[in-house]
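Working notes, beginning with the structure itself.
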Protein chains: 2
Amino acid sequence: MNLRPVPRSSVSDHVFGQLRDAIVSGTYAPGDPLPSERELGAVLTVNRHAVREALRRLQQLGLVRVSQGGATRVLDWRVHAGLDLAMSLTQVDEVLPIDTLVRDVLEMRACIGTDAARLCALRADPATRAAVTGAVTGYVGAAPDLDRMDQANIALWRQIVQGSGNTAYLLAFNSLVGGALAVGRVPPQRRTAELLDTAGHRRLAALIADGDGDGAAGQAHTLLTAPVTAATERTRT
Amino acid sequence: MNLRPVPRSSVSDHVFGQLRDAIVSGTYAPGDPLPSERELGAVLTVNRHAVREALRRLQQLGLVRVSQGGATRVLDWRVHAGLDLAMSLTQVDEVLPIDTLVRDVLEMRACIGTDAARLCALRADPATRAAVTGAVTGYVGAAPDLDRMDQANIALWRQIVQGSGNTAYLLAFNSLVGGALAVGRVPPQRRTAELLDTAGHRRLAALIADGDGDGAAGQAHTLLTAPVTAATERTRT
DNA sequence: TCAGACAGACTGGTCCAACCAGTTGACGGG
DNA sequence: CCCGTCAACTGGTTGGACCAGTCTGTCTGA
């Protein structure tokens, strides 16, 4: 087995995690006031500063609204939280089934990836086109090691998204990669079909190199939609 | 003129903003160590705790990596930052021209919105379909007040994205709405063309109500692509 | 000469204690 | 009944102290 670095979590990390899960899972409803910082510190046997640091992170995620003098209140994450929250949503199976979340992320990746491939074919400079072709070569060369292919696949799509010249796509891609897609929640055999279509990826690189926007979009759609339908099937069971 | 609530910013907000801008604008290159917390506190004449809270938020955004014992190092935001960063990118015109960012956001909104409309037509329950129709009615009724139309337009698309049943789309939508699109960076006259197509929006609602996924996608694409091409023109000038 | 152990000077992590600055709500006078 | 006042909250900020890792230069032994 391959060893991974030990995840060392600080006190404020624990506080953050607990509060985040409590909020997303609905333990605290939107509009509800959170216990005061001093009270949270007392209950969790933690210093107030640790609580404050955790609250800052929750605020940054869009989960709470803090106001001096008044209580810190819970926001409706369906309204105020950004895509980065997806990176943290791995523990709340009751509220949001993990299979559904995976399907959603794949669906979004397909949507973004298709348009990014189109734009990459239209807007990318020669160096980037070459980089895409190179990334595909690296990807194909990684076969049949699924883990390495996975890694190379992400690198490939990062190139494409970068080549699209759309910063919003790039940031969203980061959110998705850092999110449920990459947490290892999806067992290897589930991605086999997607990852093994090396011919399809080669074709995609060629279309991008040729500057054929519509062709690249179509090919990307084909490549990215297959796993979505598979995931959709999975949610029904 | 319409009055707006006074934005009151805390000390740690200022620290956060300064560091964020310094990082995104490249003052600190990826891999560079940030000054120590004590040093930052001394330079900014601020307590160390305030610095720490700001650093937590930067960490949450994916802009820095902090490690006990070692220095806090700057990450490459093009690799590690999520879409939420777009909500903060309004001041770094040199690195990322604001017109380009607006175009990117509109492009992404068009991409997501098109697929969300398709899924909404396919998957939404009757209540949600009715809500979409109602939102369009409210939107049309808001004419010709551009500000109210803007608000109603956002509410309408929120309904559609919600109806798509895709949580990733919903969170991304929040990021985009909270981001450059809503900061008032785009003068009213620039959105006129998009906002005034009431007939097109009515048609979209009808297609969604009928469950015509492809039709809804096409109509949504028409509605959302127009502002993108306009914004693209703008970036050339 | 050089590899490796070691010590000290950093780094961030946590805690305590105090005070400032807003908000809230109950209480009492008009 | 209304409205101002004030006390008891809330979060905001500061200072200082100490723990716990990391890094680096130095010094020792081979």
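Naming: A, B, ... by sequence-line order, numbering from 1 per chain. The model shown is predicted, which means the values in this text are computed figures rather than measured ones.
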Contacts under 3.5 angstrom, residues 62-78 of chain A side chains, donor-acceptor by atom type, not counting sequence neighbours:
from, atom 1, to, atom 2, distance (Å)
A:R73, NH1, A:G31, O, 2.8
A:D76, OD1, A:R78, N, 3.0

Next item on the list: Please list, in 5' to 3' order, the outermost nucleotides of DNA chain C lying under 4.0 Å from any heavy atom of chain A.
Entry: C:dG13 to C:dT23

Next item on the list: Taking B:D84 for its side chain and A:L83 for its backbone only, find out whether a donor-acceptor pair lies under 3.5 Å.
Entry: yes

Check: Which distance, rounded to the nearest 0.5 Å, do you find between the CD1 of B:I154 and the CE of B:M149?
Finding: 12.5 Å

Check: Of all of residues 37-46 of chain A, which get a heavy atom below 4.0 angstrom from DNA chain D, listed by number?
Finding: A:E37, A:R38

Next item on the list: Have a look at A:D104 and tell me which of B:L171, B:L119, B:T167, B:L170 forms a side chain to side chain contact (heavy atoms under 4.5 Å, CB included) with it.
Entry: B:T167

Margin query: Go nucleotide by nucleotide along DNA chain C from the 5' end; which of A:G70 and B:A71 gets its closest nucleotide reached first?
Written below: B:A71

Next item on the list: Indicate the atoms forming the closest heavy-atom contact of B:F16 with B:A54, along with that distance.
Entry: N-CB, 3.6 Å

Note to self: Show the nearest heavy-atom pair for residues B:R148 and B:G141, with the distance to one decimal.
What the structure shows: NH2-O, 4.4 Å

Check: Which heavy atom in A:Q159 sits nearest to a heavy atom in A:A131, and how many Å separate them?
Finding: OE1-CB, 3.5 Å

Check: B:R8 and B:D13: salt bridge (Lys or Arg N to Asp or Glu O under 4.0 Å), yes or no, with the steps?
Finding: CA-CA 9 Å; B:R8 73 201 72 193; B:D13 283 340; over 6 Å; no

Notebook entry, point to check: Looking across every strand, which nucleic acid part, if any, lies under 4.0 Å from B:R8 by heavy atom: base, sugar-phosphate, or nothing?
Noted result: sugar-phosphate

Next item on the list: Kindly indicate, with the supporting measurements, whether the criterion side chain to side chain donor-acceptor pair (under 3.5 Å) is fulfilled by A:R158 and A:N174.
Entry: CA-CA 9 Å; A:R158 178 178 299 284; A:N174 289 340; 2.9 Å; yes

Check: Taking any atom under 4.0 angstrom from a heavy atom of chain A, which nucleotides of DNA chain D are the first and last to qualify, 5' to 3'?
Finding: D:dT10 to D:dT22

Margin query: Heavy atoms within less than 4.0 Å of DNA chain C: which residues of residues 10-18 of chain A have one? Give them sorted by number.
Written below: A:S10, A:V11

Note to self: Using a strict heavy-atom distance below 4.0 Å, which residues from residues 55-68 of chain B are in contact with DNA chain C?
What the structure shows: B:V66, B:S67, B:Q68

Item checked: Parallel, tilted or perpendicular: ring planes of B:H49 versus A:H49, cut at 30 and 60 degrees -> parallel

Next item on the list: Locate the shortest heavy-atom distance separating B:A168 from B:N166; write the atom from each residue and the value.
Entry: N-OD1, 2.8 Å

Next item on the list: Could you grab the distance from atom CE of A:M108 to atom CG of A:L224, nearest 0.5 Å is fine?
Entry: 13.0 Å

Note to self: Quick one about B:Q59 and B:R56 (side-chain donor to acceptor, distance below 3.5 Å, no hydrogens or angles considered), yes or no?
What the structure shows: yes

Checklist line | Mutual orientation of the aromatic rings belonging to A:Y139 and A:H201 [parallel < 30°, tilted 30-60°, perpendicular > 60°] | finding: tilted

Item checked: Under 3.5 Å donor-acceptor, A:R20 side chain and A:L58 backbone -> no

